Amino acid sequence: MKQTYTSQEKRLIEVLHVGSDNPITGSEIEKLTGIDTREIKKMKRPLAEKGVPIGSNRHKPYGYFIIENNEEMNRYLASLSSQRQEMEKTMLAYMRCEVGR
């Protein structure tokens with residue numbers, strides 16, 4: 001079944017490079033498409049659900065890319081898992097806070 005993409009999704013896909021060795025930064029994407037980093041982050045899950053897995057590097061070379069192979073997918077999933085663990089720690093810290101003193 002052929003996927004349908006929003007005009008914004010199409011613009012993003014057109015500028016993304018394939019593979020983690022050649023990412024494009026959020027600021028470059030914004031200059032080329034008008035799509036800011038916050039919006040890119042929101043688009044990642046819907047695009048993955050449509051079969052376009054977008055990864056990002058938090059180390060050099062920084063930026064976004066279309067995931068090319070299983071190694072890149074596993075590395076990106078490990079990054080998401082680490083991020084989830086940090087968010088859970090933050091949630092627990094907030095749950096222990098006393099408010100309304």
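It should be emphasised that the depicted structure is a prediction, and the values quoted were computed from it without experimental measurement.
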Identify every side-chain donor-acceptor pair in residues 85-92 under 3.5 Å, counting partners at least two apart or on other chains, and give the distances.
{"unit_1": "Glu86", "atom_1": "OE2", "unit_2": "Lys89", "atom_2": "NZ", "d": "3.3"}
{"unit_1": "Thr90", "atom_1": "OG1", "unit_2": "Glu86", "atom_2": "O", "d": "3.0"}

Test item: His17 and Ile66 side chains (from C-beta on) under 4.5 Å apart, heavy atoms | no
Could you list the donor-acceptor pairs under 3.5 angstrom formed between side-chain atoms of residues 29-37 and any protein atom two or more places apart in sequence or on another chain?
{"unit_1": "Thr33", "atom_1": "OG1", "unit_2": "Ile29", "atom_2": "O", "d": "2.7"}
{"unit_1": "Thr33", "atom_1": "OG1", "unit_2": "Ile35", "atom_2": "N", "d": "3.0"}
{"unit_1": "Asp36", "atom_1": "OD1", "unit_2": "Arg38", "atom_2": "N", "d": "3.2"}
{"unit_1": "Asp36", "atom_1": "OD1", "unit_2": "Glu39", "atom_2": "N", "d": "2.8"}

Is there a path of hydrophobic side-chain contacts, each under 4.5 Å between heavy atoms of I, L, V, M, F, W or Y residues, that connects Ile40 with Tyr62?
-> no
Measuring from Leu47:CG to Lys10:NZ, what's the distance to the nearest 0.5 Å?
-> 12.0 Å
Step by step, would you call Leu12 with Tyr5 a side-chain contact (heavy atoms from CB on, under 4.5 Å)?
-> CA-CA 10 Å; Leu12 179 60; Tyr5 302 103; over 6 Å; no
Of all pairs that satisfy salt bridge (Lys or Arg N to Asp or Glu O under 4.0 Å), the ones with a partner from residues 11-22, not counting sequence neighbours = none
Exercise: identify the closest heavy-atom pair between Tyr64 and Lys41 | OH-CE, 3.8 Å
For Arg75, all residues meeting salt bridge (Lys or Arg N to Asp or Glu O under 4.0 Å), sequence neighbours excluded | Glu71
Only counting residues at least two apart or in another chain, list the ones meeting side-chain hydrogen bond (donor to acceptor under 3.5 Å, both in side chains) with Arg58.
-> Gln83
Residues passing the side-chain hydrogen bond (donor to acceptor under 3.5 Å, both in side chains) test with Ser79, sequence neighbours excluded, are none
Met73: hydrophobic cluster co-members (side-chain, 4.5 Å) = Phe65, Ile67, Tyr76, Leu77, Leu80
Name the atoms and distances for all side-chain donor-acceptor pairs under 3.5 Å in residues 49-57, with sequence neighbours left out.
{"unit_1": "Glu49", "atom_1": "OE2", "unit_2": "Arg45", "atom_2": "NH1", "d": "3.0"}
{"unit_1": "Lys50", "atom_1": "NZ", "unit_2": "Thr4", "atom_2": "O", "d": "3.0"}
{"unit_1": "Lys50", "atom_1": "NZ", "unit_2": "Glu9", "atom_2": "OE1", "d": "2.7"}
{"unit_1": "Lys50", "atom_1": "NZ", "unit_2": "Glu9", "atom_2": "OE2", "d": "3.3"}
{"unit_1": "Ser56", "atom_1": "OG", "unit_2": "Lys44", "atom_2": "NZ", "d": "3.3"}
{"unit_1": "Asn57", "atom_1": "ND2", "unit_2": "Ser20", "atom_2": "O", "d": "2.9"}
{"unit_1": "Asn57", "atom_1": "ND2", "unit_2": "Pro61", "atom_2": "O", "d": "2.8"}

